[in-house]
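What's counted below: heavy atoms across the whole structure, side chains too, no hydrogens, waters or symmetry copies. Each ligand, and each atom within it, is numbered from 1 in the order the structure gives.
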Amino acid sequence: MAVFEEIVDENGVYKFFYDGVWRKSSSGKSVTIINPTTRKPHFRVQACTQEEVNKVVETAKLAQKSWAKTPLWKRAELLHKAAAILKEQKAPIAECLVKEIAKPAKDAVTEVVRSGDLVSYCAEEGVRILGEGKLLVSDSFPGNERTKYCLTSKIPLGVVLAIPPFNYPVNLAVSKIAPALIAGNSIVLKPPTQGAVAALHMVHCFHLAGFPKGLISCVTGKGSEIGDFLTMHPSINCISFTGGDTGISISKKAGMIPLQMELGGKDACIILEDADLDLAAANIVKGGFSYSGQRCTAVKVALVMESVADTLVEKVKAKVAKLTVGAPEDDCDITPVVTESSANFIEGLVMDAKQKAATFCQEYKREGNLIWPLLLDNVLPDMRIAWEEPFGPVLPVIRINSVEEGIHHCNASNFGLQGCVFTRDINKAILISDAMETGTVQINSAPSRGPDHFPFQGLKDSGIGSQGITNSINMMTKIKSTVINLPTPSYTVG
Ligand SMILES: NC(=O)C1=CN([C@@H]2O[C@H](COP(=O)(O)OP(=O)(O)OC[C@H]3O[C@@H](n4cnc5c(N)ncnc54)[C@H](OP(=O)(O)O)[C@@H]3O)[C@@H](O)[C@H]2O)C=CC1
Ligand SMILES: O=C(O)[C@H](O)COP(=O)(O)O
């Protein structure tokens, strides 16, 4: 497509971006992106070198200094422009998501449109919350007269490093980029390898919007090769990361900088005896199987009261039978998982459950990276699937005899991202929500990060800090105070 012509070289390798220019890496090497559906190479991106990463970060550092002096309304205006271009270009970007991460066609378009909306909302939220500061007077603290006025405002951190995961390479990139920019920071993006090409297209939309040179950069290459160099770079002032356990090791190695980490989850769904079982079944299927279970907020274990378990399992089974399985281009519900190693991992969990006598509600079926949706009933705590995150279309059901048993299972996990409870009794729902050690509990709905302005956070190994538009803007700033000292106390009489 003509709009994106300059982002790809004559050999079909996608370029990386810094200082306002699309470039080829001096490494002469590329990283291949395998199409999860065909399992054949589909795209190639530059394998950036450490020297290039260095240049990118240093350029970002310089560009940030003048961006911080750009009026807030101008920053917002550029973000609105980028959002509009992103939405205009939803078709080619969605096409990349289909080929790189096998996201069903309609969901791929939704991800891009949602990203445009996120960027616009962030611009609006930013002008409001960053336009406000605080005025403190000294005489509220014992022993002081009113001789001091303290003015506080939010200032940028500097260079923000954004590392999103494969499952939302556009949305989870802009959820870091837009708050960073509105707050006056510059951004270095390291997209996931699967999803990098969609992310490069998105970066081009920001470039077309007219952001200053050097403010936004995107380096590509295997996280395992340039990741440490980036995350430990002394000129990086903040890291916003979404992904798996890699985040835990990054947080141990990063310097004394603010970190925003959204990591894995084992989101539990507790179903009580008085629940609306049709509603619960619909949410379990939507929550457990959309994008083939490759969402951190997917329902990853259903904890159902024994007395309603047979009925619920039958309802879920009936809905699972209706899910379409096949190619993302055909907009099937269940599409191939992202890599062969991911499919092998999922299969390992299924075989372990089989060996330990879980009830298979469907026959296990796999072709290449495509795994048919599978509901496993009568899962017991000694099975790996009871605790591990498949990131695939396999959902375990554990039958419980008391609410306490359900809460205990939920809280025994190392993860604490989200959870949900189905009941018609709001008092019970609140008590259970309070008892669940997770960042969010949904009452009568499946877990979900969106809408994107809601706070989103994980406890325990599921993360550090909170996302969501407002929280991310605040996280990417620090407080600066200026104190006006008067020679004599002064009180306004009114
Ligand atoms: N809580 C949340 O919001 C979410 C959590 N997740 C979790 O993420 C996992 C799946 O996503 P996935 O993308 O595979 O996660 P990974 O942790 O493997 O990768 C996430 C990102 O980190 C990069 N990376 C890899 N190694 C390093 C390194 N040493 N230093 C810096 N960056 C590195 C990856 O790049 P590359 O691809 O090049 O290796 C990718 O961009 C699941 O466990 C899931 O639960 C996913 C989505 C949301
Ligand atoms: O990365 C994920 O899996 C997302 O943060 C989930 O987002 P969603 O709940 O809005 O699909």
Among protein heavy atoms, which lies nearest atom 14 (O) of ligand 1, and at what distance? F166 CD2, 3.6 Å
Provide, to 0.1 Å, the distance between atom 6 (N) of ligand 1 and the closest protein heavy atom, together with that atom's residue and name. G243 O, 3.5 Å
With heavy atoms of G450 as the reference, note each atom of ligand 2 found under 4.0 Å away. 10 (O)
Any heavy atom of E111 closer to ligand 2 than 4.0 angstrom? no
Regarding atom 5 (C) of ligand 1: of the candidates T193, T339, L263, which has the closest heavy atom? L263
Taking atom 8 (P) of ligand 2 as the point of reference, which of Y168, Y291, F166 owns the nearest heavy atom? Y168
At under 4.0 Å between heavy atoms, what of T242 touches ligand 2? The answer is neither
When distances are taken from atom 35 (O) of ligand 1, the protein heavy atom at minimum range is K190 NZ, 2.8 Å
Could you verify whether a donor N or O on one side chain and an acceptor N or O on the other, from K99 and T37, lie under 3.5 Å apart? no
Heavy atoms only: which of G223, G244, P164, S342 lies closest to atom 9 (C) of ligand 1? G244
Looking only at protein heavy atoms, identify the closest one to atom 3 (O) of ligand 2 and say how far it is in Å. C296 N, 2.5 Å
Shortest protein heavy-atom distance from atom 10 (O) of ligand 2, along with the residue and atom involved: R114 NH2, 2.9 Å
Just which atoms of ligand 1 are under 4.0 Å from any heavy atom in F456? 3 (O)
Which residue and heavy atom of the protein sit nearest atom 6 (C) of ligand 2, plus the separation: T297 OG1, 3.3 Å
Answer yes when K106 and D331 have at least one side-chain N-carboxylate O distance shorter than 4.0 Å, and no when they do not. yes
